[in-house]
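Since we're looking at a predicted model, the values are computed, not measured. Numbered from 1 within each chain, the chains take letters A, B, ... in sequence-line order.
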Amino acid sequence: MPESSLEFKDTGTGSVECRAAPVRQFSQSSLTLHRSSHMLNSFCTEHNVQECLSHINQEVSSLGLPPVWTESTGSTEINVVAVLNCMYDLIQLHRRGLRTLENMEAEQLKSSSNVDYLQITTTRLKEQLEQSRRENTAILERERQLQLKMKSLQNCLKNEKEEVQKLQNIIASRASQYNHEMKRKEREFNKLKERLNQLLVDKKEKKQAIDVLNNIGRADGKRSLWRTEKTEAKHEGEMYKTLLSDYDARQKELLLENAELNKVLQQMKKDIVTILSARKPTLKRSEQQDNCIQQADSEEEDEVFDSTKEGVDQYCVHAREKLTHSIRLQWRKLKRHVERLDSQASLAQMDDTKATDAVPREIHEEEMERLREEIQQCKDFIHTQQQLLHQQLSSPCDEETASLLSDCYMLQEKESLREEWATLEEQRKIFERERRNFTEAAIRLSHERKAFEDDRAMWLKHQFLNMSPFSDSKKPHMSKSKSACLLSETKATAASAQRKLIKCPSETSSSSPRFIPHKSKSTADLYHTLCLIPENSSTKPKKKTERFVESSISLNGNAQVQRHDSDD
Amino acid sequence: MLIFHKGGNKEQNYISQKAKNTSTSTKIVKEQLYYMMNFSEVFKQSNQLCKVSPDGKYLATCVQYRLVVRDVSTLQILQLYTCLDQISHMEWSSDSLFILCAMYKRGIVQVWSLEQPDWHCKIDEGSIGLLSSRWSPDGRHILNTTEFHLRITVWSLCTKAVSYIKYPKVCQKGIDFSRDGCYMALAERRDCKDYVSVFVCDDWHLLRHFETETQDLAGLEWSPNGCVLAVWDSCLEYKVLTYSLDGRLLSIYSAYEWSLGVKSVTWSPSSQFLAIGSYDEKVRILNHITWKKMAQFEHLATINNPKAVVYKEVERRPAVGSDDLSLHNITIGATLFNTQSQYEICPPPVHIPVVKPDPERANPKIGVSALAFSSDSRYLATKNDNMSSAVWVWDMQKMTLEAVLEQTSAVRCFQWDPRHPRLALCTGNTKLYLWSPAGCVSVQVPTEGGFQVQSLNWHCSGDSLILLSKEQLCLCYMDSDQEDK
């Protein structure tokens, strides 16, 4: 193998003509060696020049080189050029040969090391092989053992199974035997019982007996009845009656429960319908894709609504079916709706993220523009200010005098302001005092008024007590219409109050005229009512006079009227 | 010579109790409930025979061979009857006019009249023997089961007539009267098959007779409305059948196969639920419309439910317990040797002590053996035999666990107040325990010498409780006026 690879390499490097060369070289060298052994240093002598020439010529030609010497010329002269060329070629050949030899040696070395390596690996592999073989045999051995074990276990199992079967059989047979025995025993027992019974019945000396002082009546007080077919029928009847009543009760319970459940279902359905109908407009706006489904939905819904109208008879099978069906439909829709909502929510989230980008962009832009303008304005402003400042600074004005002047102005101003302040403060104090006086007066006045009111009340009471029968008949009527009239009154009295202010000033002695018109008005009214003369009916609206007639009868009502008026 | 007065030993117990536990368990809302309880003097009694008449006016107790009838309100003796032998069973007639005293050893039944003390009646079953004796619902007939369940003898007090019912089955509960007293269902065994006979109690006419689909019928019970009969198989097979009054099979229910099955069955007072307790420590609730299971209550050893309130009875010596008077009961005049106890609310998870049953022995102590609905059908109280110190209260509206009462000793007996949702229980010590939705209390029975409550019975008005020790009895009055405080 190494040789062939070597040769291969050689052909790769050398030319085509050189392919045959080594072989021949080989033979040639052996020949020369052979010959050299005969004649060591004397290949060419003077005698055999010709022969040598021809020999060399032959040799050279055999090497595929141009002949050194041609016989045709016939001269012994050798063509020097040809010889030199030939020599050169030969040297070249020699070199090439050496080179190839080197190569081949290197190759040889490489291959030998390769061989070594391969040898090592083969030995290792052999060892491995050996080991695995051993393992294999061990495993095989174990397997064999296991199989043996398994076989024995299988045998065992089989035995056990047989044992179990046997035991089961035994148990079964025992059980049957036992049952049989038991039955036999029971029969015997029964026979014995019979016998014992017989014996006991036959036995005379100690018989069973009842000793009762006197018979007692039945618990229900009735007499016992003879047993007839009638009683039998009655018993049957009663039994079925109890059973029936039980079933009735149970049915009623179930009906109740059913009704309850139906109610719940109806309620649920209603709720679902409301939920679904509520979301409908929004949906229609937002969703075009679901149009067909939507239509179907609406159709279904209509149907559902119909069924609710029909579902009066809830126990009817038809209605029930319809109800459950509609509920199912609604439920499905609700589910779909919720799913849709879910998807919408997720979509909306995505939209939101987009929208936060998209919408504010324009606003952003605008804002930016605006801000920029603002900045520009500010800059301008600053600029002008700076300019002004600059101008001021540049103008040759003595600062001290200016400041003095301004101070002067300021002082003057301050002085005048202080004075003004003092006068104002004084005025304020005066006003304060006056106000206090006024309030005191007002308080006094109110006290007086109250006293007067009390007096008047007393007087009225007196008056009423004198003429009660009339007022009594009016009272209930008034309480009814009071509140309504009061409202209308409050609006209507503004004008009348003023009128009365002019009308009856002589009655009041109080200095403050503010409260007089109301009081005088009510007193005037009182007079009207007491005298029962609707004298002002021509000027006042009719309703109002009626009101006065009614309300002024009770003190309480009167007070209310007054309060309202004062509010005005 | 035997005159006792109520109130001779009046003891007052002010009990305050923590009431509700919110779901977080850290926050405990305290709600103070004051019960005023008065305890009567202690009377003698034997064989735990002590019964209040159905009308609630009289209290009959048996002392050896004597029958003592007292007025419930005054506890004064009204009548005293002397029987022929030690009384082994005593029962009031439905109209509260007669009392039946059975002496099983002698095979004799004696009947006494409350209205006519001179009147007497003696029924001798003779050599056939007597196993059990009971009144018929009309209070005019006595049903005697003879030895070996040979037959049932029906004695009429009106006519002295005797009738026999053959083939009664030997089982847990083979006979049941409907609540209205019209019908009697009787389990029978003929030719190795189970049958049920329905009699009209009025004239003992056989209304229906049908074979049941059971291997070995263990019991039967009428629904409170008297329209459905529940029949269950023996514990070897889980099978509960319901039959209509007219003998039609309504349903068959079986929760599982192959392991021990039904242990107890109870109807709710509303006839709406049928509760089945079984050996797998579960209670299954059937409904009355489809007869299918609508809920299942498991009795787990670890309670994780944060909504259930777990009351744990904690005992402490009186010397130690005096510091925190407001939180537990104060028993005036309590004997020094009695430990005081109080309930503490335990936050979940709570571990209930479990006793592993011995698998080698028959009738293992496991599974739900006692079930009781409150009078308003709102609550169900249960007891699981391998957690004998705990009583479980279930809410029937929410179908969840409402409360667990973990006692220091095994629960002997529990009973619901016939009027209010209030559960009384006893554990064979000197205390009486009460549970209501508002809270839980333990009360020391204030008697000298220690009154160990073995069983208890509510008075039909729900105002008082009859507590029974081995040989004594004591009445406990609950003042309902004080309850609202």
Side-chain angles (χ1 to χ4, degrees), chain A residues 179-180 182-187 189-190 192-201 203-229 231-236 238-251 253-254 257, chain B residues 93-95 97-98 107 109 111 113 116 118-128 138-140 142 144 146-151 153 155-162 164 166-167 178 180 182-183 189-192 198 200 202-205 207-208 225-228 244-246 271 288-289:
Chain A
N179 274 338
H180 182 74
M182 214 170 68
K183 274 186 186 167
R184 200 169 58 81
K185 287 258 165 71
E186 211 176 311
R187 280 202 196 99
F189 179 56
N190 280 343
L192 273 173
K193 266 187 180 176
E194 285 289 317
R195 188 67 196 275
L196 184 63
N197 219 355
Q198 201 62 43
L199 281 172
L200 282 168
V201 169
K203 208 174 166 187
K204 297 285 180 202
E205 74 247 51
K206 206 182 177 190
K207 233 185 161 182
Q208 45 184 170
I210 183 162
D211 168 28
V212 185
L213 187 69
N214 50 331
N215 294 356
I216 49 171
R218 282 163 60 98
D220 51 10
K222 286 184 212 158
R223 280 191 183 184
S224 59
L225 297 164
W226 289 104
R227 234 185 248 191
T228 54
E229 279 186 16
T231 56
E232 207 166 296
K234 197 187 81 189
H235 287 318
E236 288 277 319
E238 268 171 14
M239 179 191 81
Y240 283 120
K241 215 185 273 172
T242 50
L243 274 178
L244 259 177
S245 64
D246 177 51
Y247 281 125
D248 264 5
R250 227 192 275 183
Q251 203 207 357
E253 256 171 56
L254 285 174
E257 204 177 312
Chain B
S93 69
S94 58
D95 52 6
L97 293 176
F98 300 96
V109 173
V111 186
S113 165
Q116 303 161 267
D118 302 337
W119 185 88
H120 62 83
C121 167
K122 191 183 103 183
I123 299 166
D124 191 347
E125 281 292 340
S127 48
I128 203 163
D138 64 355
R140 295 294 177 271
I142 291 168
N144 285 342
T146 60
E147 232 169 329
F148 307 114
H149 283 76
L150 214 55
R151 64 191 181 202
T153 328
W155 298 93
S156 167
L157 298 187
C158 304
T159 60
K160 289 193 194 176
V162 195
Y164 302 109
K166 269 192 182 179
Y167 314 110
S178 63
D180 59 0
C182 281
Y183 304 103
R189 185 83 177 174
R190 295 180 192 190
D191 301 328
C192 308
V198 178
V200 179
D202 211 24
D203 54 1
W204 305 107
H205 165 71
L207 188 72
R208 282 288 184 277
N225 62 8
C227 290
V228 183
S244 168
L245 176 58
D246 54 355
S271 303
H288 74 308
I289 293 170

For this session: Under the side chain to side chain contact (heavy atoms under 4.5 Å, CB included) rule, collect the residues that match up with A:E232, sequence neighbours excluded.
Result: B:H205

Seminar exercise, completed: So, the part of B:I289 with a heavy atom under 4.5 Å from chain A: the answer is both

For this session: Answer with yes or no whether the side chains of A:H235 and B:D203 bring together a donor and an acceptor at under 3.5 Å.
Result: yes

Seminar exercise, completed: CZ of B:R189 to CZ of A:F189, rounded to nearest 0.5 Å, is 11.5 Å

For this session: Indicate yes or no: at least one non-hydrogen side-chain atom of B:D246 is less than 4.5 angstrom from one of A:E236.
Result: no

For this session: Drop me the distance from B:Y183's OH to A:T242's OG1, to the nearest 0.5 angstrom.
Result: 4.5 Å

Seminar exercise, completed: Applying a strict 4.5 Å limit to non-hydrogen atoms, the region of B:R190 in contact with chain A is neither

Exercise. Got a salt bridge between A:K193 and B:E147, using NZ or NE/NH1/NH2 to carboxylate O under 4.0 Å?
Worked result: no

Exercise. Between B:T146, B:L150, B:I128, which is the residue that forms a side-chain contact (heavy atoms from CB on, under 4.5 Å) with A:L196?
Worked result: B:L150

Problem set entry | Contact class of A:L254 relative to chain B, heavy atoms under 4.5 angstrom | side chain

For this session: Would you mind checking which part of B:S156 comes under 4.5 Å of any heavy atom in chain A, side chain (CB onward), backbone (N, CA, C, O), both or neither?
Result: backbone

Exercise. Does A:E194 come within less than 4.0 Å of B:K166, counting only side-chain N to carboxylate O?
Worked result: yes

Seminar exercise, completed: Separation between CG (B:L245) and CD (A:E238), nearest 0.5 Å, reads 11.0 Å

Problem set entry | Results of ring pair (Phe, Tyr, Trp, His ring centres under 6.0 Å) for B:F98 - residues two or more places apart only | B:W119

Problem set entry | Shortest non-hydrogen contact from B:C192 toward A:E186 | CA-OE2, 3.6 Å

For this session: Measure across B:H288 and A:R250 and return the closest heavy-atom pair with its distance rounded to 0.1 Å.
Result: O-NH1, 2.9 Å

Problem set entry | Greater than 12 external heavy atoms within 6.0 Å of B:D191's CG | no

For this session: Apply side-chain contact (heavy atoms from CB on, under 4.5 Å) to the pair A:L243 and B:S244, showing each step before the final yes or no.
Result: CA-CA 8 Å; A:L243 274 178; B:S244 168; 3.7 Å; yes

For this session: Side chain from CB out, backbone as N, CA, C, O: work out which of these in B:N225 comes under 4.5 Å of a heavy atom of chain A, or both, or neither.
Result: side chain

